[in-house]
Amino acid sequence: MTRRPQTDSRPQHLVVRFSNGRLSCRVSRRTLAVGFALLILCIAIGAASLATGSYPLSVADLVGALLGHGEAMALMIVTEWRLPRVALALLLGGALGMSGAIFQSLTRNPLGSPDIIGFTAGSHSGALVVILVFSGGYYETAAGALAGGILTAFTVYLLAWRRGVQGFRLIIVGIGISAMLGAFNAWMIRKADLQVAMSAVTWSAGSLNGLGTEQLLPVAVLLCLIVPPALLLSRPMRQLEMGDDVARASGVPANRVRLCLMALGVALTATTTASAGPITFIALAAPQIARRLTRSAGVALMPAALTGSLLLLCADWAAQHAFATQLPVGIMTVSIGGLYFLWLIVREGRR
């Protein structure tokens, strides 16, 4: 007598409905579990960042400062110095992870991140023009980064258009545009005044040093405007992964949705670049790490965003405490991301 193998009869997905059933979303149980675990890790690393430093805090002092009690020194260090930096790392890392997921989905290629296809370089160029030529402040730099990213995206999209846009062609064109913009950025810095050039080089390294509440509020407002439309377009984005013909057959206006997603992805990248400078490789690595953790067929926006937040938090903590002097977080992400990039190229080449 043989026994049949027991199988788990529980559904692998949950259906969540909003507005009396008019809106619904289907979520994998494993994706929920991974997202919850990533959120717990983000909270743990964030708490470690708040408690460690040149003025270490105990758990009681940290909790008291977060609740608005305790010593004046601890309250100032936590609420005015460390907490805005941790919050910015969470938000900007999430923006980079979501932006990378959007572009990797549109190109259907793990190399299709804004770092590789030139959109980060475009935002960098726009911000540098404002800093070096017009001596602009924070809001002017943000506008320049957004304008540079959108102009670069339009140029890459136009040059890659051949009766439609294929992911591989978009990546090749983007790599070429990125190299040209990198040379242009280096030329601008070299021709600028020494003091201004030094400030621009420091900003170009990508750093959270010196950022506070003044930068946190605009970033939070911008992301509140950008993230909800991106989440609403996540389902059409997944349908685009099956090809334009299949997407159109299911009622998705392929070109319109693609342009909207590209605009949202560029806006996410530009927001990060304007606030902290070009922080590379988070957008490249986070979606693929999240995809392997969730074991999903494609890249998903929220797991990629949570992974990006965790990566940037870890990189910023290491940049502050792993060496004798503080380093820009962009140096840490480049060092780690470069190894990941080499592994990814070798893996794709073997395929």
Side-chain angles (χ1 to χ4, degrees), residues 12-32 34-35 94-114 116-117 119 146 149-150 153-154 156-158 160-171 174 222-271 283-284 286-288 290-291 294-308:
Q12 298 300 312
H13 295 81
L14 296 175
V15 178
V16 183
R17 292 181 172 86
F18 307 93
S19 301
N20 296 324
R22 287 179 294 179
L23 292 176
S24 64
C25 62
R26 184 168 173 264
V27 185
S28 166
R29 290 181 180 271
R30 183 178 178 87
T31 300
L32 283 177
V34 169
L96 289 172
M98 186 171 289
S99 176
I102 289 174
F103 288 115
Q104 289 182 16
S105 175
L106 291 179
T107 58
R108 293 173 242 168
N109 194 308
L111 295 177
S113 78
I116 305 300
I117 56 182
F119 299 157
L146 181 60
I150 291 175
F154 176 77
V156 171
Y157 191 85
L158 187 64
W161 178 271
R162 292 293 184 276
R163 297 179 181 178
V165 176
Q166 294 182 359
F168 183 74
R169 186 186 294 122
L170 189 72
I171 291 174
L222 285 173
L223 292 184
C224 286
L225 296 175
I226 299 170
V227 171
L231 294 177
L232 289 176
L233 291 175
S234 61
R235 184 172 181 179
M237 183 186 75
R238 296 295 296 271
Q239 291 173 296
L240 284 177
E241 293 178 358
M242 297 183 289
D244 287 5
D245 294 336
V246 176
R248 290 192 185 98
S250 60
V252 175
N255 291 329
R256 190 185 310 166
V257 170
R258 184 180 291 109
L259 283 174
C260 290
L261 285 169
M262 287 186 66
L264 293 170
V266 169
L268 290 169
T269 302
T271 299
L284 177 71
Q288 294 303 311
R291 181 182 179 183
T294 58
R295 298 178 184 175
S296 59
V299 291
L301 295 185
M302 284 307 299
L306 289 171
T307 305

Point-to-point distance, once rounded to the nearest 0.5 Å, from [atom1] of [X] to [atom2] of [Y]:
| X | Y | atom1 | atom2 | result |
| --- | --- | --- | --- | --- |
| Ile117 | Leu284 | CD1 | CG | 10.5 Å |
| Asn109 | Phe103 | CG | CZ | 14.0 Å |
| Tyr157 | Asn255 | OH | CG | 4.5 Å |
| Leu106 | Glu241 | CG | CD | 8.5 Å |
| Leu306 | Leu301 | CG | CG | 11.0 Å |
| Arg248 | Gln239 | CZ | CD | 13.0 Å |

Could you tell me whether the side chain of [X] and the main chain of [Y] form a donor-acceptor pair under 3.5 Å?
| X | Y | result |
| --- | --- | --- |
| Thr269 | Gly265 | yes |
| Thr271 | Ala267 | yes |
| Ser234 | Leu231 | yes |
| Thr307 | Pro303 | yes |

task: Check the pair Val227 / Leu264 against side-chain contact (heavy atoms from CB on, under 4.5 Å), numbers first and verdict last.
output: CA-CA 8 Å; Val227 171; Leu264 293 170; over 6 Å; no
query: What do the steps show when you test Ile102 against Leu268 for side-chain contact (heavy atoms from CB on, under 4.5 Å), and what is the final call?
result: CA-CA 10 Å; Ile102 289 174; Leu268 290 169; 4.2 Å; yes
Mind listing the closest non-hydrogen atom pair of [X] and [Y] along with its distance?
| X | Y | value |
| --- | --- | --- |
| Val299 | Ala101 | CG2-O, 3.4 Å |
| Ala95 | Leu223 | CB-CD2, 3.9 Å |
| Gly100 | Pro114 | CA-CD, 3.9 Å |
| Val266 | Ala153 | CG2-CB, 3.6 Å |

task: Begin from the C-alpha positions of Met237 and Arg258 and carry the test side-chain contact (heavy atoms from CB on, under 4.5 Å) through to its verdict.
output: CA-CA 8 Å; Met237 183 186 75; Arg258 184 180 291 109; over 6 Å; no
